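Step one of this worksheet: look at the structure below.
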Amino acid sequence: MHTSLLQRTISKVFPNSAVAAAVEIIFLLGLGMLAIVLHAKLRIPMHLPGKQGLLFVALIVTGKGLSRFPFAATLSGIGAATLLLMPGLGFHDPFMAIMYLFLGFIMDLSTEIASKFTSRTWILAMVCGACWIFIPLFRLTMSIFVDMPLGAFRSGYLYPFATHLVFGVAGGLAAAGLLKLADKKS
């Protein structure tokens with residue numbers, strides 16, 4: 001007589017998938033928070049708007065690529081927005097939390113649509129760059145309704161959009177490299 005339990009019976013008793021999902025959610029929230037902490041700590045006045053996109057996009061897209069959740073970037077955006085609501089980081093933009101929350105959602109939506117049409121790395125990196133352009137677009141749009149400083153637009157309107165695109169694409173390419181490296185290791 002065979003008395004050992006089947007794997008599917010054991011998995012009903014021990015909710016490993018629920019624990020794994022919770023750990024993955026905490027990981028994705030933590031990635032968003034890490035991106036904001038790095039943004040706060042690595043502020044160097046280089047007059048290059050969007051330079052933080054290299055790190056932010058690389059972290060968020062890598063997390064999305066490693067995750068099984070289709071809304072992984074949104075979760076990371078929630079983590080970033082949550083940390084931005086806490087005082088003491090030195091950010092003075094009152095809309096920054098909303099901006100990063102929407103950014104995560106836009107990254108999920110855009111990369112999901114783009115990946116249905118192609119799996120080419122450079123196209124997905126361009127999509128990441130286009131998503132990162134959301135930041136100057138959001139700030140410019142908000143400035144129509146609310147009086148807010150637009151330091152990034154001192155050099156004109158094209159420069160911040162171009163630098164955001166370049167750093168967003170670089171972050172997307174870095175994420176693709178990290179995901180290929182992780183794929184080779186597993």
Side-chain angles (χ1 to χ4, degrees), residues 28-67 71-84 89-115 120-143 148-182:
L28 292 168
L29 291 168
L31 270 180
M33 291 179 178
L34 174 64
I36 294 303
V37 168
L38 288 174
H39 186 164
K41 296 298 178 190
L42 298 177
R43 276 192 247 180
I44 302 168
M46 298 171 58
H47 305 293
L48 286 170
K51 66 184 172 291
Q52 297 296 336
L54 180 61
L55 283 173
F56 187 84
V57 172
L59 286 171
I60 303 309
V61 174
T62 300
K64 182 170 177 50
L66 294 174
S67 177
F71 51 89
T74 302
L75 284 171
S76 294
I78 291 169
T82 302
L83 194 60
L84 283 167
L89 286 174
F91 295 111
H92 304 294
D93 185 352
F95 300 107
M96 202 165 177
I98 296 168
M99 193 168 38
Y100 278 93
L101 186 62
F102 281 131
L103 181 63
F105 175 72
I106 289 169
M107 289 182 99
D108 275 334
L109 189 63
S110 303
T111 55
E112 207 56 43
I113 291 169
S115 66
R120 293 186 176 164
T121 303
W122 66 273
I123 291 177
L124 293 174
M126 289 298 288
V127 168
C128 291
C131 290
W132 192 242
I133 284 179
F134 170 75
I135 291 178
L137 184 64
F138 180 84
R139 285 190 175 138
L140 199 57
T141 304
M142 287 306 297
S143 72
M148 58 188 290
L150 293 173
F153 294 100
R154 276 181 251 164
S155 302
Y157 291 105
L158 183 61
Y159 182 65
F161 284 98
T163 55
H164 274 79
L165 177 68
V166 167
F167 287 114
V169 169
L173 290 172
L178 289 170
L179 288 170
K180 283 189 182 194
L181 185 65

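When reading the values below, keep in mind they use all heavy atoms of this one structure, side chains included, and skip hydrogens, waters and symmetry mates. Just so it is clear, the structure is predicted and the values come from calculations on it, not from any experiment. Residue indices begin at 1 and follow the sequence shown.
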Could you pull out the closest heavy-atom pair between A125 and G172, with the gap in Å? CB-C, 4.1 Å
Which atoms form the tightest heavy-atom contact between L124 and S115, and what is the distance? CD2-N, 4.0 Å
State the NZ-CG distance between K41 and L34, to the nearest 0.5 angstrom. 12.5 Å
Ignoring hydrogens and angles, write down the donor-acceptor pairs under 3.5 Å from the side chains of residues 95-108, residues two or more places apart or on other chains.
from : atom 1 : to  : atom 2 : distance (Å)
D108 : OD1    : K64 : NZ     : 3.1
D108 : OD1    : A73 : N      : 3.0
D108 : OD2    : A73 : N      : 3.3
D108 : OD2    : T74 : N      : 2.7
D108 : OD2    : T74 : OG1    : 2.6

Qualifying residues under side-chain contact (heavy atoms from CB on, under 4.5 Å), relative to A40, sequence neighbours excluded: R43, L89, F91
Of all heavy-atom pairs between G63 and L31, which one has the smallest distance, and what is that distance? CA-CD1, 3.5 Å
For L178, all residues meeting side-chain contact (heavy atoms from CB on, under 4.5 Å), sequence neighbours excluded: T62
Value for CD1 (I60) from OG (S67), rounded to nearest 0.5 Å, stands at 11.5 Å
With rounding to the nearest 0.5 angstrom, report the CG to CG distance, L48 to L54. 11.5 Å
Heavy-atom closest pair (A130 atom, L165 atom, distance to 0.1 Å) is N-CD1, 3.9 Å
CE of M126 to CD1 of I123, rounded to nearest 0.5 Å, is 9.5 Å
Does anything in residues 122-136 pair up under side-chain hydrogen bond (donor to acceptor under 3.5 Å, both in side chains), and if so which pairs, sequence neighbours excluded? none
Taken in chain and number order and not counting sequence neighbours, the residues that satisfy side-chain contact (heavy atoms from CB on, under 4.5 Å) with A35 are F56, L59
Could you tell me the separation between the SG atom of C128 and the CD1 atom of I133, rounded to the nearest 0.5 Å? 12.0 Å
Side-chain contact, heavy-atom cut-off 4.5 Å: V57 with F167? no
Report the distance from atom CG of L137 to atom CE of M142, rounding to the nearest 0.5 Å. 12.0 Å
Report the residues that fulfil side-chain contact (heavy atoms from CB on, under 4.5 Å) with M33, sequence neighbours left out, ordered by chain and then residue number. T82, L83
